[in-house]
A.B. asks: 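This is the structure, below, for whatever I ask next.
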Amino acid sequence: MDVQVRSGDSIWYYSQLFNVPLKFIIDSNPGVNPSQLQIGQTIRIPAYRSEPYTIEAGDTFWKIASDRRIAMDSLALLNQTVNPQQLPIGAMIQIPSRVTERIVNGNQNYDSTVLQFDLDVLLQLYPFVRTETIGNSVMGKDLIELQIGKGTKVVHWNGSFHANEWITTAVIMQFLNDYLLALTNKETIRGLDVNPYYDQVTLSIVPMVDPDGVDLVVDGPPAGPFGDLALEINKGNTDFSGWKANIRGVDLNNQYPANWEIEQERKPKEPSPRDFPGYEPLTEPEAIAMAELAQARQFNKMLAFHTQGEVIYWGYEGLEPPESLVIVNEFERVSGYQPIKNVYSFAGYKDWFIQVYRKPGFTVELGRGVNPLPFSQFDEIYQETIGIFLASLYM
Ligand SMILES: [Zn+2]
């Protein structure tokens, strides 16, 4: 919601007026000097919507405000051209409305269009969330990173490295929405006060690493050469539910230079719905963007969300730091998921991340069943994952 500064207003006053922590208003207005507001300047108030209302007989600002338990001056602020002494019946005014409900519904076919829609709404409501385009998919779709918080500890989550595991994007986005609601409404999640995490942690999220692949699984092959190629790789089968790769048949989580040659040796030698590691490491734009992001951000901790198995892989060739074990034990405690240190698998993002940075990296396998996991599991998976999300922030 936008407001226009009046004489005597301050950011601190808006924080009181709307009962929103000061830091979220300041961070929602990055170009603004909070100590030098200009009259008429636009200030964004996070976690609020401005809703139109038509004046009825007997209305006064006092009545409208007290009915909704909002400050009367917030009405004056939003309706500066309206004379509260002369409210004409039928006139339209704006009423500030606090956002207390989720926008994101993860329990649906969550393709890149749904993601973009939800991102647009969340960024409008919570302008202190920062976004960056870290690259483009093979088909040119933006690869989006979100950043929340101001801490020196950088925690990274990603979803949908594998196309038919797109439920991971839905889980991440719904939790992001709950985190933003808790921050701005001063609520807890599972009894935890999350407010300190905003100051302690910079949370980096890439909700959908493989948007082309996700759209292929959810919506079917696109018209044009990329759809034709995917159909050819899929041997003419129009059922893409088993597809894990990007749109040209490279498994993005087999693309990293961490014993990549072992995967090359034993995996498919040409583009395939799953497991083809590419002709060389890091040939695919999605994989490259994620490698560059790790280098740019220097994550302190990395969680890659996959499905399925209810297990958490946390080691790589003994290169993981000792704290990885402490963290994964906490993940186990809060989710019931089983930690697995080593597995005969290489060239994944987690493997490469641990090898290069020697920081805690995890592959979290949500849920149990056959990918893509059915909606009926969404709420259960979401509940299991909340604890892992939170632990990744406080551990
Ligand atoms: Zn996977």
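One-based numbering, in listed order, for ligands and for the atoms of each. Values below: all heavy atoms of this structure, side chains included; hydrogens, waters and symmetry mates excluded.
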A.B. asks: With a 6.0 Å cut-off on ring centres, are F389 and Y197 close enough?
C.D. replies: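 Here the rings of Y197 and F389 have centres that are no less than 6.0 Å from each other.
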A.B. asks: Determine whether the aromatic ring centres of residues W157 and F175 are separated by less than 6.0 angstrom.
C.D. replies: yes
A.B. asks: Closer than 2.8 Å to the Zn ion (ligand 1), which protein N, O or S atoms?
C.D. replies: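 Protein N/O/S atoms under 2.8 Å of the Zn ion (ligand 1): H162 ND1, E165 OE1, E165 OE2, H306 ND1.
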A.B. asks: With no hydrogens and no angle check, is any side-chain donor or acceptor of S272 less than 3.5 Å from a backbone partner on R274?
C.D. replies: yes
A.B. asks: How many angstroms lie between atom CZ of F346 and atom CD of Q264, to the nearest 0.5 angstrom?
C.D. replies: 14.0 Å
A.B. asks: Specify whether F353 and Y357 have parallel, tilted or perpendicular ring planes, treating 30° as the upper limit for parallel and 60° as the lower limit for perpendicular.
C.D. replies: tilted
A.B. asks: Taking the six-membered ring of Y53, is the NZ or CZ of R68 close enough (under 6.0 Å from the centre) and on axis enough (within 45°)?
C.D. replies: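 Judged by the rule, R68 and Y53 form a cation-pi pair.
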